[in-house]
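Within every chain, numbering begins at 1; the chains are lettered A, B, ... in the order of the sequence lines, protein sequences first and strands thereafter.
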4 protein chains.
Amino acid sequence: MGAVKSKRMPRAVRERQMLDAAVRTFGQRGYRTASMDEIAELAGVSKPLVYLYLNSKESLFTACIRREAKALTEAVRAGVRAGLPADRQLWDGLQAFFTHTAENPDGWAVLHLQARTHGEPFAAEVAAMREELVAFVTELIAVAAREAHRDPSLAEGEVAGLAEALVGAAESLADWANAAPGVTARQAAATLMNFAWAGLGNLMDGRPWSPPSGTDVLAAPALTSAAGAPPR
Amino acid sequence: MGAVKSKRMPRAVRERQMLDAAVRTFGQRGYRTASMDEIAELAGVSKPLVYLYLNSKESLFTACIRREAKALTEAVRAGVRAGLPADRQLWDGLQAFFTHTAENPDGWAVLHLQARTHGEPFAAEVAAMREELVAFVTELIAVAAREAHRDPSLAEGEVAGLAEALVGAAESLADWANAAPGVTARQAAATLMNFAWAGLGNLMDGRPWSPPSGTDVLAAPALTSAAGAPPR
Amino acid sequence: MGAVKSKRMPRAVRERQMLDAAVRTFGQRGYRTASMDEIAELAGVSKPLVYLYLNSKESLFTACIRREAKALTEAVRAGVRAGLPADRQLWDGLQAFFTHTAENPDGWAVLHLQARTHGEPFAAEVAAMREELVAFVTELIAVAAREAHRDPSLAEGEVAGLAEALVGAAESLADWANAAPGVTARQAAATLMNFAWAGLGNLMDGRPWSPPSGTDVLAAPALTSAAGAPPR
Amino acid sequence: MGAVKSKRMPRAVRERQMLDAAVRTFGQRGYRTASMDEIAELAGVSKPLVYLYLNSKESLFTACIRREAKALTEAVRAGVRAGLPADRQLWDGLQAFFTHTAENPDGWAVLHLQARTHGEPFAAEVAAMREELVAFVTELIAVAAREAHRDPSLAEGEVAGLAEALVGAAESLADWANAAPGVTARQAAATLMNFAWAGLGNLMDGRPWSPPSGTDVLAAPALTSAAGAPPR
DNA sequence: GATGAATGAGATTTCATTCAT
DNA sequence: GATGAATGAAATCTCATTCAT
């Protein structure tokens, strides 16, 4: 299971191996439960080397959080193109989000489970990333309001709550999709778009949100088929 | 710091004191970080007595989870009256939920943060409670579908995702409301109702969900004011 | 070598055993070299018990310093009677000093060697004790000056240097007497009295200091015999 | 912080840099606390090079002790001219001693504090140097005895104690002078000469030792002023 | 000649848990 | 019923020391 032991690697490579091992171990066993011994072994190096490069368990964990937070936000950003309609941007961002969390379950566990649970140096780190996502969603809602010609737009405090709710729902669905074997990232994104954009009330009346046609017309989100096919 | 030492209390009372101390300690310091010493001291008893009554740290933590899970689900259930319209039931349930989590922050931390983070005996325990809440929401959505005369109703797997999203959003907003000083349980519930029932799309068009008049006409939810007074 | 293991001793007794073991270990192997394992084993207890009672290596070492410092100063004080002539008081104090250091070589090593070498929490602790001894000697010199009707007495700064020199010589002779097998505390005290009171110049001229007759007329100090027998 | 890295220096120079760094580090932080990393960095070389030149920490420390011991004894020897009266030789030697210890506090700490505290290879090393100083003082006392026409001289064992006391007092005063900011080497030497040569008894009677006029008539020792100006 | 890469061994400290009274 | 006394096991971290280039 541990990486093949090959000696004398350049520092950057070793450091990556250590972070990989640490994310995996922290994600699966938790910050406190994971031991530096485990991580070193999984990385295929001795414990002192881990300390030499990453200083302490705390600092190692922080490095994991930063790396995974950066990877996640960059994945979302890369999935979205500015200039498209707000719902389209949200749809793209959610797909990127669910894809990334599905492909990096340990990193996601580090961010969503471990970092928030184990107190102050870490919670702040992940809170920064979360705020970035919330800000992104807030901006999208503001754009949507402009597109709908609503003047004056929604009060600021209210939008904050809505963005918070949307991000929270997305986080929760990421766990759900990772746990339920058959659920794809695309399905999770579709479910959330319907829920968040159309709302339960509309869904009850048979008026779901439907994905925009565009680069990826391959598959329609799950709910559409079950709910008639109204154009948006 | 601990409670005043008074000997020879009936077992049930002592046990409650211990659980109170444990919930507080686990909630504030985390499962691994909290020590049995701390808990015993806070409970005002000696450590062996804690072991006599609750066997082990694991079993003590499990007891905490069960007690807090029961308290939370019962609070939600008590807040809802069957027979009312689905959105009204949801509204009442959410208010009860946010009220309870605001009044029991340590218990909520145990359930939402600690129990999920620290592996298998505990994650299952809290998952059971969560399923109960999800099932409750799922049932509400089914009721709503019937009320809307939709036959056949939404496919089962899709409703599961929606319920999951709603519960996830609620959990997230509970943390958000606990952290933001000025946010009341009622405001959190209103925000979530708008988001979940009306959906962002409708909100953009100025058609929010509005709370039913009834027992609590005292305060209108936050979003209503900004959105005119549409009929429900 | 370790004390007989007998379980369930009252805390005070155990604590004394631990301090005994610690003084011996620190004195013979040094603060850094001595390990908590060694000390616990020598005390006949497990390591955690040492931590339970004495908190940390640093705090254990500090406790050793305090205990030994108190024992030494009290031994000196107990050996001296106020009201006697200054040289007699000094003679009595030195005898008590050399007797105590000879009987407690490990405690003396802790105070004189280890505590001074290992930095700040400890150096200050032993400096306080040393100042007490220096102050005692300074006072004796002042008394001697009064007895000699010297007005004005020696300048203060000068007396400080003299007292420092006397104490330093005593410390050094304590090590010397402990290392040289045949040297008794009485001989060490006599040597120092001659050196410090009469001075090398007088000794060269055959005018040593001679011990007062009194309670302990049993043995004359070493130098007297070799240097004629002038009455004082 | 470390010296500028410049490659390809002759071995002797490199070795000196390392010893300088080691003396400073050992003197300020202690033998055990100082790490080879620190020393190598301060010396501006890589750790393996230190090992290549000086083999081990133990051997490095021994080299430090030897170098500093040699420097100190040579300084004292260089300060004294044979043929002069004994008290003059002693006065000159003490001045050299206090001057050297004041100018090399780290070296003095290595010799007086660290080397004696950290067990056997080192204690023997510094004991050899000390014996040299004690032998020098012993010889001076013998010379003084001859000058005073005392035959037979003081018994050997007794002189040993006196020399020991004198050296101990000098060591102690070196620390004292280094710690007290205003005390010069000359003042320390004068204090000790008065104490050791005249003795407290004579000082009480107003008969201090007074320094010989000669090469350094610049400053009179501290005690002289307070004690008239008796010829030697 | 010089060093970046790497480690074996051991240090202090903590904690859940159990006896014996 | 209740507790003071005690420990086995394991955690984090440090350091002198050595390869391989």
Side-chain angles (χ1 to χ4, degrees), chain A residues 5-11 13-15 32-40 44-60, chain B residues 5-11 14 32-40 44-61, chain C residues 5-11 13-15 32-40 44-60, chain D residues 5 7-11 14 32-40 44-53 55-61:
Chain A
K5 258 193 201 180
S6 59
K7 311 233 162 176
R8 303 278 145 173
M9 323 249 315
R11 172 168 181 150
V13 176
R14 274 278 189 254
E15 232 174 89
R32 294 296 300 242
T33 309
S35 80
M36 296 298 270
D37 275 292
E38 273 180 284
I39 294 170
V45 297
S46 71
K47 221 181 343 172
L49 200 59
V50 181
Y51 278 92
L52 188 61
Y53 286 178
L54 287 136
N55 301 319
S56 70
K57 194 185 191 183
E58 191 169 316
S59 138
L60 171 59
Chain B
K5 261 189 204 181
S6 59
K7 310 225 164 182
R8 306 282 149 167
M9 323 236 332
R11 168 158 184 155
R14 272 276 152 91
R32 293 292 301 245
T33 308
S35 80
M36 295 298 269
D37 276 284
E38 272 179 284
I39 294 170
V45 297
S46 73
K47 221 178 351 173
L49 199 59
V50 179
Y51 277 87
L52 188 62
Y53 282 8
L54 286 140
N55 303 316
S56 70
K57 194 186 194 187
E58 193 171 313
S59 137
L60 171 59
F61 191 44
Chain C
K5 258 192 203 181
S6 59
K7 311 235 160 170
R8 304 278 145 175
M9 323 248 317
R11 173 169 181 149
V13 176
R14 274 278 190 256
E15 232 174 89
R32 295 295 301 244
T33 308
S35 82
M36 295 299 269
D37 274 292
E38 274 180 282
I39 293 169
V45 298
S46 71
K47 224 183 339 175
L49 199 59
V50 180
Y51 278 91
L52 188 61
Y53 285 177
L54 276 321
N55 302 317
S56 69
K57 194 185 192 183
E58 190 170 317
S59 138
L60 171 58
Chain D
K5 261 189 205 182
K7 310 225 164 182
R8 306 281 149 168
M9 322 236 333
R11 168 156 186 155
R14 272 275 152 91
R32 293 293 301 243
T33 308
S35 80
M36 295 298 270
D37 276 285
E38 274 179 281
I39 294 170
V45 298
S46 74
K47 219 175 357 169
L49 199 59
V50 180
Y51 277 89
L52 188 62
Y53 282 8
N55 302 317
S56 71
K57 195 185 193 186
E58 193 171 312
S59 136
L60 170 59
F61 191 44

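- Comparing atom distances between the K57(C) side chain and each of dT17(E), dT13(E), dT12(F) picks out dT13(E) as nearest.
- Neither OP1 nor OP2 of dA6(E) sits under 4.0 Å from any side-chain N or O of R8(A).
- Here the closest heavy-atom approach between residue E38(C) and residue T33(C) is recorded as OE1-O, 3.7 Å.
- Using the Watson-Crick or G-U wobble rule with both distances under 3.5 Å, dC15(E) pairs with dG8(F).
- Atoms CG and CZ, on L49(C) and R11(C) in that order, are 8.5 Å from each other to the nearest 0.5 Å.
- Using a 4.0 Å cut-off, no side-chain N or O of Y51(A) falls inside it from OP1 or OP2 of dC15(F).
- Across every strand in view, dA20(F) sits in a pair with dT3(E) that passes the Watson-Crick or G-U test at under 3.5 angstrom.
- Across all strands shown, R11(A) has heavy atoms under 4.0 Å from sugar-phosphate atoms exclusively, and none from any base.
- Evaluation of atom-type donor-acceptor distances gives a pair under 3.5 Å for the side chain of K47(C) against the base of dT13(E).
- In this structure, R32(D) and N55(B) both approach DNA chain E, and ranking their closest nucleotides by distance from the 5' end singles out R32(D).
- Atom pair D37(C):CG and dA9(F):C1' shows a separation of 13 Å (rounding to whole Å applied).
- In the set dA6(F), dA11(F), dG4(F), dG4(F) carries the atom at the smallest distance from any side-chain atom of P48(B).
- Across every non-hydrogen atom of A40(D) and V50(D), the tightest pair is CB-CG2, 3.9 Å.
- For dA9(E), the paired base is dT14(F) (Watson-Crick or G-U wobble, both distances below 3.5 Å).
- When distances are taken from the side chain of S56(D) to each of dT3(E), dT17(F), dT13(E), the shortest belongs to dT17(F).
- Across the interface with DNA chain F, nearest-nucleotide mapping of M36(A) and L52(B) shows L52(B) to be the residue nearer the 5′ end.
- We find the OG-OH distance between S59(D) and Y51(D) to be 10.0 Å, quoted to the nearest 0.5 Å.
- Within 4.0 Å (heavy atoms only), A34(A) reaches sugar-phosphate atoms of the nucleic acid but no base atom.
- Regarding L49(D), its CG atom lies at a distance of 15 Å from the P atom of dT18(F), rounded to whole Å.
- The nearest whole Å value for the distance from the CG atom in L54(A) to the C1' atom in dT14(F) is 16 Å.
- Computed from coordinates, the E15(A) CD to dA6(E) P distance equals 11 Å when rounded to whole Å.
- If you take CD1 of I39(B) and C1' of dT17(E), they are 14 Å apart, rounded to a whole angstrom.
- Residue M36(C) holds its CE atom at 8.5 Å from NZ of K47(C), rounded to the nearest 0.5 Å.
- For Y53(D), no side-chain nitrogen or oxygen approaches OP1 or OP2 of dG1(E) to under 4.0 Å.
- Contact check, R14(B) against dA2(F): a side-chain N or O comes under 4.0 Å of OP1 or OP2.
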